[in-house]
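Below: one structure, written as structure tokens.
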2 protein chains.
Amino acid sequence: MKNQSVRDASRPPGMADVARVAGVSAQTVSRALAGHPNVQEKTRAKVLAAVDQLGYRKNNAARMLSSGRSRTIGVVTLQTSFYSRTALTLGIERAAQEAGYAVSTATTASLDTSAIEASMLRLADQHVEGLVLAVPLIHVSRQIEQLTRAVPTITIDGSRTPTTEVVAVDQSLAARLATRHLLDLGHETVWHVAGPGEWLDAASRAQGWRAVLEAEGRTVPPELKGDWSPASGYRNGLILGRIPDVTAVFVASDEMAFGVIRALHELGRRVPEDISVVGVDDIALAEYCSPSLTTVAQPFAEMGALAVSHLMRYIADPDASPEPASVEPTLVVRASTAPARR
Amino acid sequence: MKNQSVRDASRPPGMADVARVAGVSAQTVSRALAGHPNVQEKTRAKVLAAVDQLGYRKNNAARMLSSGRSRTIGVVTLQTSFYSRTALTLGIERAAQEAGYAVSTATTASLDTSAIEASMLRLADQHVEGLVLAVPLIHVSRQIEQLTRAVPTITIDGSRTPTTEVVAVDQSLAARLATRHLLDLGHETVWHVAGPGEWLDAASRAQGWRAVLEAEGRTVPPELKGDWSPASGYRNGLILGRIPDVTAVFVASDEMAFGVIRALHELGRRVPEDISVVGVDDIALAEYCSPSLTTVAQPFAEMGALAVSHLMRYIADPDASPEPASVEPTLVVRASTAPARR
DNA sequence: CCGAGCATTGGCATCGATAACATTGTGTGC
DNA sequence: GCACACAATGTTATCGATGCCAATGCTCGG
């Protein structure tokens with residue numbers, strides 16, 4: 001039975017107005033609304049009725065000022081439209097929303113320490129209670145370390161600072177799944193198009209790939225490097241396609257994999273008949289590419305949720321010992337991989 | 001020469017601390033920092049020095065409380081990872097950042113009026129100075145209208161309320177470009193896979209497509225409907241591929257177009273030899289699909305920037321007459337379209 | 001040489017909610 | 001039946017910056 005009485009003309013109703021209408025003090029209103037135990041059921045009802053009648057909404061600015069709690073977390077990401085960023089941010093946002101937290105985002109155009117610092121400062125200025133860093137920290141400046149000390153921070157890429165918790169997908173496992181899948185199909189060895197070196201997950205994938213090959217005693221081909229973009233995948237595909245030995249490629253992201261496949265196609269190498277390709281991420285389009293893309297699915301949503309839940313715990317008790325968390329990727333076999341021809 | 005003196009132990013320095021160090025009053029500090037004209041250069045310098053020395057950062061909560069200005073805008077989007085959403089949000093974020101505004105986001109899982117209301121309220125509670133609605137307003141509730149009256153709001157989808165400015169891409173033009181391109185290639189007529197009916201831009205595209213066909217006196221095939229997802233494109237592709245007449249299809253988004261092409265491929269209809277396909281958006285992968293996708297590029301970044309600049313103007317002067325703004329899409333011809341066979 | 005007028009700066013109240021403390025009222029044990 | 005504990009509510013100070021108005025000091029014209 002909502003209803004915004006007559007006094008609409010002036011400013012929005014404050015706690016004092018609610019108190020007046022309910023016939024109690026402002027403090028009681030505060031307690032009733034905060035769910036404080038020591039409030040009579042009758043009083044709480046009166047307060048709620050008054051709130052409803054006036055259409056009262058708490059003033060976050062004031063609450064923040066006096067209590068220091070903003071019920072907001074900040075997210076730092078790179079200014080790109082890659083699927084991983086989007087999916088992750090989405091997961092974080094949803095989880096935060098469910099936890100009753102608002103999300104403020106600050107994107108950075110580059111990975112410079114100073115740019116990241118600036119993003120973190122922008123968020124700190126908004127008094128976020130926690131921070132999720134979804135970018136790699138190339139160099140941890142003194143400023144950054146101080147910030148992570150002051151604001152509970154979770155890093156997603158896996159970059160560590162002395163005062164940061166880490167939530168990550170086991171990227172090495174992702175790589176091992178992909179590589180082993182290709183070896184199981186009978187390929188002699190597997191080539192790799194890696195992500196940019198600054199990204200720890202790119203490095204972990206490369207490392208996992210290398211580990212499997214070495215464990216199996218296969219020759220380890222030189223590593224090719226991309227920048228996550230389809231275009232960079234394409235460039236590397238043009239190289240791979242010209243090397244007769246290549247029969248299997250593990251690409252560090254689906255988007256690059258699309259580029260690789262496209263290049264191979266142009267060079268007349270068929271996928272998967274001549275060359276098998278595996279990506280990482282399981283973007284929505286992976287299934288609808290020709291051929292549909294075998295890939296390692298990343299549980300972005302869960303990761304976002306995990307990051308938020310850890311952050312909440314960390315916020316609630318900053319002294320709790322940081323415990324790194326990780327979730328597991330899963331292999332999704334589609335049509336871009338096939339047994340090696342003999 | 002930054003430096004955070006010794007008094008780190010206690011709480012962060014406030015304006016009073018700066019004032020003390022600089023040997024002036026808090027007001028003067030406020031004025032100096034706000035760039036107020038009537039402050040002596042010498043004083044301002046002293047203040048800045050003190051700020052620097054203490055590592056002072058303004059307290060946004062307090063500023064917001066006393067001045068009412070939060071320097072934050074809110075964005076409401078749908079909880080999806082479609083490219084258009086991502087790209088647009090990115091553009092808004094970047095533009096806002098440049099304008100010195102922070103961005104708070106609230107995603108909604110559904111398009112229910114009540115869900116959107118909730119998102120808007122969440123943002124309103126954070127005292128955003130302006131709002132960007134990037135979701136279609138199916139039904140404008142009283143609550144929503146009141147909110148848009150209280151908070152300057154820009155809608156991106158094109159949905160209008162009595163008190164809202166609109167920024168949009170000319171979607172009808174996008175559709176006309178695509179359709180005409182296909183007709184110019186000699187196709188008898190063009191089929192259309194539309195987006196969900198709730199979305200105004202989907203409707204505009206359908207309308208533009210229909211207009212061109214009618215203007216040219218072509219038969220207007222029945223309209224197929226998708227939900228923006230690749231999967232829905234695939235389903236519609238399975239239908240289109242079974243209709244012998246079909247030689248040209250205009251799909252309302254690239255992601256759906258991928259699905260359509262995939263389905264046609266599976267049915268043995270070649271693209272573009274048998275059927276030409278045009279999408280909308282120009283996602284990064286469009287160029288790396290096989291065949292590379294002809295599409296209508298949407299200037300998402302500019303749109304975000306335009307939305308923000310209009311919002312700034314609107315915030316600065318809420319009484320200014322709303323003037324709808326629009327930007328133009330451009331056709332990008334790639335390999336998924338070819339002349340009709342005779 | 002003096003007062004008007006402007007440029008600078010300081011004091012005080014204020015925004016809205018909350019924490020800490022004070023106060024009233026109620027029940028219970030001995 | 002009295003004191004003491006505890007539950008329920010009210011009072012006051014506070015968070016940090018800003019707006020408004022007053023006060024100071026300086027310059028310039030007459």
For this session: Mind jotting down which residue pairs meet the salt bridge (Lys or Arg N to Asp or Glu O under 4.0 Å) criterion with at least one end in residues 57-68 of chain A? Sequence neighbours excluded, please.
Result: A/R57-B/D125, A/K58-B/D125
Check side-chain hydrogen bond (donor to acceptor under 3.5 Å, both in side chains) between [X] and all other residues, then give those that pass, not counting sequence neighbours.
X      : answer
A/Y56  : none
A/T80  : none
B/S110 : B/D112
B/R94  : A/Q79

Indicate every side-chain donor-acceptor pair of residues 131-138 of chain B with a distance under 3.5 Å to a residue at least two apart or in another chain.
none

For this session: Give me the first and last nucleotide of DNA chain D, going 5' to 3', that has any atom under 4.0 Å from a heavy atom of chain A.
Result: D/dA8 to D/dG16
Exercise. Who pairs with B/D317 by side-chain contact (heavy atoms from CB on, under 4.5 Å), at least two apart in sequence or on another chain?
Worked result: B/D319, B/A320
Exercise. Using a cut-off of 4.0 Å between protein heavy atoms and nucleotide atoms, how would you tag nucleotides 7-17 of chain C 5' to 3' with B, S and -?
Worked result: -BBBBB--BBB
Exercise. Under the salt bridge (Lys or Arg N to Asp or Glu O under 4.0 Å) test, which residues partner A/E98, sequence neighbours left out?
Worked result: none
Distance-only donor-acceptor pairs under 3.5 Å for side chains of residues 302-315 of chain A, two or more places apart:
{"residue": "A/S309", "atom": "OG", "partner": "A/L306", "partner atom": "O", "Å": "3.2"}
{"residue": "A/H310", "atom": "ND1", "partner": "A/E165", "partner atom": "OE1", "Å": "3.0"}
{"residue": "A/Y314", "atom": "OH", "partner": "A/T163", "partner atom": "O", "Å": "3.3"}

For this session: For the helix from C/dC1-D/dG30 to C/dC30-D/dG1, figure out the bend between the end axes, five pairs an end, and round to 10 degrees.
Result: 40°
Exercise. Does a side chain donor of either B/E145 or B/T161 reach within less than 3.5 Å of an acceptor in the other side chain?
Worked result: no
